[in-house]
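Each chain gets a letter, A, B and so on, in the order the sequences are listed, and its residues count up from 1. Both backbone and side-chain heavy atoms feed into the values below; hydrogens, waters and symmetry mates do not.
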Protein chains: 2
Amino acid sequence: MPDRLCHDIVNFCTKHHATCREARFAPRSLIIEESATAHYTFLVRRGTVKLSKSMPNGRSQIVGFVGAGHILGTSSQELYMFRAEAITDVTVNRLSRAMFEDILVNAPDILSRLLEETTAQLVTIQERLLALGRKTAREKLASFLLREATRNNGPNIQLPFSLQMSRADIADYLGLSTETVSRLMSIFHQEKMIHRSRQEVRLLAPSRLASMACTIL
Amino acid sequence: MPDRLCHDIVNFCTKHHATCREARFAPRSLIIEESATAHYTFLVRRGTVKLSKSMPNGRSQIVGFVGAGHILGTSSQELYMFRAEAITDVTVNRLSRAMFEDILVNAPDILSRLLEETTAQLVTIQERLLALGRKTAREKLASFLLREATRNNGPNIQLPFSLQMSRADIADYLGLSTETVSRLMSIFHQEKMIHRSRQEVRLLAPSRLASMACTIL
DNA sequence: CGGCATCTTGAAATTAGTCAACCGTCGTGG
DNA sequence: CCACGACGGTTGACTAATTTCAAGATGCCG
């Protein structure tokens with residue numbers, strides 16, 4: 001269970017008679033709107049959330065897909081700097097920013113684990129910076145599939161798994177067009193590196209994918 | 001002085017008879033090698049440092065240019081996940097990772113400011129994710145020039161300033177080729193949006209640049 | 001079964017990258 | 001003191017990768 005931290009925060013709240021409401025979101029529903037006033041901090045407890053940023057002309061970039069244990073809205077900025085949308089059924093706990101600050105001041109244990117968590121995120125996002133800036137479309141998709149496979153099946157990388165997100169989402173995550181993603185899926189399929197039905201994917205040649213992904217991961 | 005945090009960390013060290021050696025680096029010298037064992041945490045006190053990651057085939061992506069006040073090597077990972085190189089004369093304080101952990105445990109004040117700092121970095125890097133994934137070359141360079149101008153001259157955005165980094169560095173920062181950067185500089189110059197000599201740049205039409213950058217910043 | 005979403009595929013267009021030549025500056029050594 | 005070479009920057013011509021536009025195919029839900 002990797003949401004120990006969220007769990008402990010909720011516990012802390014109840015122990016101190018602080019409100020920490022639970023809320024549910026159906027797939028496709030909006031959790032946080034970009035540029036809205038940041039009243040709350042959200043603890044993701046179940047499901048997968050898509051974080052994205054967008055530009056005037058409708059282009060958008062998915063900053064990350066996050067799951068249970070992730071904490072949203074910790075920045076001290078006045079406004080949310082991203083959009084959060086449920087892609088599966090999602091459960092969150094919601095607490096006011098002020099309360100969250102309070103907890104950090106009064107529970108140094110939580111503070112230090114949050115720092116650890118945030119630092120880890122920084123490291124992964126730097127990896128993504130490299131991918132977005134310097135990888136080719138093939139390399140991007142190969143890394144993505146490998147990461148999703150491990151995220152779903154842990155070490156059993158060859159087991160089939162279901163992509164929870166649409167082709168458009170994958171495209172926005174990798175900085176590509178949906179058509180390119182679709183084409184590459186077909187090519188990987190033809191090249192017998194993956195087996196693909198609509199949502200289900202199975203990696204047939206993870207080692208070839210890995211060498212193509214150009215990443216030691 | 002935005003390196004108050006580093007300053008306080010150094011103070012804490014000296015007060016507790018902990019070693020926190022000062023070191024100097026000339027331009028182009030290597031401060032941290034990617035994948036080396038992460039023995040130390042570095043506090044940047046003066047100068048500008050280039051942080052980058054690279055791929056097998058020689059492609060590389062600059063993760064950020066950071067200055068006084070920035071702290072390197074805070075991740076709990078065994079190895080450094082990036083390379084750090086001085087681009088100007090640089091002064092750092094260096095302390096062992098164990099000691100750094102110690103400080104965080106014993107100085108909750110520093111811990112909480114570090115979290116704040118790290119969270120802020122996360123927000124800016126997300127902005128960069130959008131830029132790398134979804135902006136065109138023109139938009140990337142326009143945003144870059146605007147940011148550098150404000151970084152150098154604060155609000156006086158029209159004052160000339162010197163780019164401390166080479167065209168190749170700019171390219172690696174924006175995920176472009178040096179030729180593209182060079183060409184765009186010429187085009188912006190022709191279009192009278194900037195005045196450019198080798199290292200000196202002056203923004204002539206910041207508002208046009210801003211609208212081109214597609215960023216509300 | 002029909003209609004709408006998403007996905008796939010193809011052809012054309014465009015952007016940015018590669019390769020190659022050239023220029024200018026700076027520093028070094030003859 | 002000048003010539004040379006190295007390096008960074010610029011420019012051009014060409015190439016390759018990816019996007020865009022457009023048309024179908026597939027599958028899902030009412």
Got a sec, which pairs hit salt bridge (charged side-chain N to carboxylate O under 4.0 Å, His left out) with one end in residues 152-178 of chain A, sequence neighbours left out?
A:K50-A:D169, A:D172-B:R134
Non-neighbouring partners of B:H195 that pass side-chain contact (heavy atoms from CB on, under 4.5 Å), sequence neighbours left out
B:H189, B:R202, B:L204
Five pairs per end, C1' atoms only: what is the angle between the end axes of the helix from C:dT6-D:dA25 to C:dG30-D:dC1, to 10 degrees?
30°
For A:Y80 and A:L72, what are the C-alpha separation, side-chain angles and deciding distance, and is it a side-chain contact (heavy atoms from CB on, under 4.5 Å)?
CA-CA 9 Å; A:Y80 295 116; A:L72 301 174; over 6 Å; no
Compare side-chain N and O positions of B:T180 against OP1 and OP2 of C:dA16 and report whether any pair is under 4.0 Å apart.
no
Would you mind telling me which residue lines up with the more 5' stretch of DNA chain C, A:R134 or A:S166, judged by nearest nucleotide?
A:S166
Regarding A:R196, tell me which of base, sugar-phosphate or nothing describes its non-hydrogen contacts under 4.0 Å with the strands shown.
sugar-phosphate
Do A:T88 and A:R46 have side-chain atoms, one donor and one acceptor, less than 3.5 Å apart?
no
Which residues share a side-chain contact (heavy atoms from CB on, under 4.5 Å) with B:L79, sequence neighbours left out:
B:T37
Nearest 0.5 Å, what's the OG-CZ distance between A:S29 and A:R24?
12.5 Å
Any A:V201 side-chain heavy atom under 4.5 Å of A:M185 side chain:
yes
Any N/O donor-acceptor pair, B:E179 side-chain to C:dC19 base, under 3.5 Å:
yes
Taking atom types as modelled, is there a side-chain donor on A:R97 or A:S76 under 3.5 Å from an acceptor on the other?
no
Return the value, rounded to whole Å, for the distance between atom CZ of A:R167 and atom P of C:dT9.
10 Å
For a 4.0 angstrom threshold against heavy atoms of chain A, report the outermost contacting nucleotides of DNA chain D in 5' to 3' order.
D:dT18 to D:dG27
Rounded to whole Å, please give me the gap between CG in A:L176 and P in C:dA16.
14 Å
A:F100 CZ to A:L114 CG distance, which is reported to the nearest 0.5 Å
5.0 Å
The glycosidic conformation of C:dA5, counting syn as within 90° of 0 and anti otherwise, is syn
Specify the residues of residues 183-192 of chain A, ordered by number, for which at least one heavy atom lies under 4.0 angstrom from an atom of DNA chain C.
A:R183, A:S186
Using a heavy-atom cut-off of under 4.0 Å over every strand shown, decide if A:T136 touches base, sugar-phosphate, or nothing.
sugar-phosphate
First locate atom CG of A:L51, then atom CD1 of A:I32, and finally report the distance between them rounded to the nearest 0.5 Å.
7.5 Å
From CZ of B:R138 over to C1' of C:dT14, roughly how many Å is that when rounded to an integer?
14 Å
How close or far is atom P of C:dT15 from atom CG of B:L141, stated in whole angstroms?
16 Å
How long is the span from the CZ atom in A:R208 to the CG atom in A:L203, to the nearest 0.5 Å?
11.5 Å
